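Below is one structure, written out as C-alpha cells, with a few remarks after it.
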Amino acid sequence: MKRAVSIALAAAFASGSMMAQAYEKGDFVLRLGAVNVDPDADSSNIDLPGVPTLHTEVGDDTQFGIIPMYMVTDNVGIELLAATPFENDITLNGQGVNLNAGSTKHLPPTITAQWYPRGGKTGWQPFLGFGVNYTVFFDEKTDQELDDALGAILGSTTASLDLDDSFGLAAVAGMDIPFAEHWALSLAVWYVDIDTNATVSTDVGDVKFKTDITPFVYHVGIAHRF
C-alpha cells in the first residue's frame with residue numbers, strides 16, 4: 001500500500017496540472033477509495049510468570065474509505081476521515097516468543113482542518129491538515145493460542161480482551177490531481193495518535209498493559225467536487 005501511494009504521488013508530481021479544477025469556498029468534495037491502517041505499535045511491558053517480557057504487535061488492514069470535505073474558504077477545508085470497520089490481528093512478541101493473542105475491530109473517525117495553498121486556482125490541489133481522532137474499539141477477541149498459554153501459565157480456564165477507546169491528535173498531507181472537470185485522483189497520508197489501555201481478563205486475575213498503536217493511514221482513491 002505504501003509503495004502504491006509513493007508511485008502515485010510521484011506520477012502526480014510528474015504530471016502536473018492535468019485538467020482545470022479549482023477548490024473554492026462552498027465546494028463539497030467527496031473522496032472514496034482504499035484506506036490502509038498500518039500500525040507502528042509498541043506497548044508497556046507484559047510480564048507473565050516464567051515468560052520473557054512481552055510486547056504487542058498490531059497488524060495492518062485495508063478498508064473502504066468515505067471522506068467528505070467542505071471548503072469553508074478558498075483555502076481552508078474541514079474533512080472527516082471515515083471508513084468501514086478495520087480489523088487488526090494482535091500478537092505478543094518477546095525473546096523466543098511469537099504468540100497470536102487476538103484481534104479487534106475499530107472505527108477511527110478523524111476530523112481535520114486543512115489548508116489548500118492553491119485554493120481558488122485550477123490544477124492539482126495539495127493540502128496539509130491537523131485535527132483530532134477518536135478511535136472506538138469493539139468485538140475484541142482472544143486467540144486460542146493465548147487462551148492455551150494463559151491456561152498453562154496461570155491455570156485459567158477463560159480469557160477475554162478489552163481495549164479502551166482512544167482520543168488523540170492527527171496530521172494529514174495529500175493532494176487531488178484532476179483528470180476531469182469535477183473528478184480527481186485522491187492521495188493522502190495521516191499520522192494518528194492512538195493509545196489504548198488493554199486488559200486481558202481471566203478467572204484467576206487480570207493482565208493490564210498500555211499499547212501505543214499510532215498508525216500511518218494511507219488513502220488512494222478518487223475525489224468528486226460538487
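Any value given below was found using the heavy atoms of this structure, including those in side chains, with hydrogens, waters and symmetry copies removed. Keep in mind it's a predicted model, so treat the numbers as computed, not measured.
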Under a 4.5 Å cut-off applied to non-hydrogen side-chain atoms, are [X] and [Y] in contact?
X	Y	answer
Val217	Phe86	no
Pro215	Ile194	yes
Thr56	Leu92	yes
Leu185	Ile222	no

Show me the side-chain donor-acceptor pairs of residues 142-149 shorter than 3.5 Å, one per line, residues at least two apart or across chains.
residue	atom	partner	partner atom	Å
Thr142	OG1	Asp147	OD1	2.9
Asp143	OD1	Glu145	N	2.8
Gln144	NE2	Asp148	OD1	2.8
Glu145	OE1	Asn100	N	3.1
Glu145	OE2	Asn100	ND2	3.1

Separation of [Y] [atom2] from [X] [atom1] (nearest 0.5 Å):
X	Y	atom1	atom2	answer
Ile78	Gln114	CD1	CD	8.0 Å
Lys141	Ser160	NZ	OG	13.5 Å
Asp60	Asn36	CG	CG	5.0 Å
Glu140	His106	CD	NE2	11.0 Å
Asn133	Asp193	CG	CG	8.0 Å
Glu87	Thr104	CD	OG1	8.0 Å

Criterion side-chain contact (heavy atoms from CB on, under 4.5 Å) on Val200 and Phe209, from CA distance to verdict: CA-CA 9 Å; Val200 178; Phe209 54 94; 4.1 Å; yes

Side-chain heavy atoms nearer than 4.5 Å, only ILVMFWY residues, links allowed to pass through others: does that put [X] and [Y] together?
X	Y	answer
Ile111	Tyr134	yes
Val207	Val204	yes
Ile67	Trp115	no

Tell me whether Asp40 at atom CG has more than 12 heavy atoms from other residues, nucleotides or ligands lying less than 6.0 Å away. no

May I have the step-by-step check of side-chain contact (heavy atoms from CB on, under 4.5 Å) for Leu161 and Ile90, ending in yes or no? CA-CA 11 Å; Leu161 173 65; Ile90 303 169; 4.1 Å; yes

Side chains of residues 24-35: which donor-acceptor partners sit under 3.5 Å, not counting sequence neighbours?
residue	atom	partner	partner atom	Å
Asp27	OD2	Glu24	N	2.9
Arg31	NE	Asp176	OD1	3.3
Arg31	NE	Asp176	OD2	3.2
Arg31	NH1	Glu79	OE2	2.6
Arg31	NH2	Tyr116	OH	3.0
Arg31	NH2	Asp176	OD2	2.7

Can you tell me if [X] uses its side chain to pair, donor with acceptor, with the backbone of [Y] under 3.5 Å?
X	Y	value
Thr199	Lys208	no
Arg118	Pro126	no
Ser166	Asp195	yes

Kindly give the heavy-atom pair with the smallest separation between [X] and [Y], and that separation in Å.
X	Y	result
Ser186	His219	OG-NE2, 3.2 Å
Ala184	Phe179	C-CE2, 3.3 Å
Phe138	Val136	CD2-O, 3.8 Å
Gly119	Gln125	N-OE1, 3.8 Å
Asn88	Gly59	ND2-O, 2.5 Å
Ala198	Leu163	CB-CD2, 3.3 Å

Pairwise ring pair (Phe, Tyr, Trp, His ring centres under 6.0 Å) hits with a residue in residues 140-170, at least two apart: none

Less than 3.5 Å apart, any donor N or O on the side chain of Thr157 or Asp203 sitting next to an acceptor on the other?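 Yes, Asp203 and Thr157 have a side-chain donor paired with an acceptor closer than 3.5 Å.
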
Mutual orientation of the aromatic rings belonging to Tyr218 and Phe216 [parallel < 30°, tilted 30-60°, perpendicular > 60°]: parallel

Given side-chain contact (heavy atoms from CB on, under 4.5 Å), test Phe127 with Thr112 step by step and report yes or no. CA-CA 11 Å; Phe127 58 88; Thr112 54; over 6 Å; no

Set out, in order, the CA-CA distance, both residues' side-chain angles and the distance that settles side-chain contact (heavy atoms from CB on, under 4.5 Å) for Asn75 and Tyr23, then state yes or no. CA-CA 8 Å; Asn75 298 101; Tyr23 287 170; over 6 Å; no

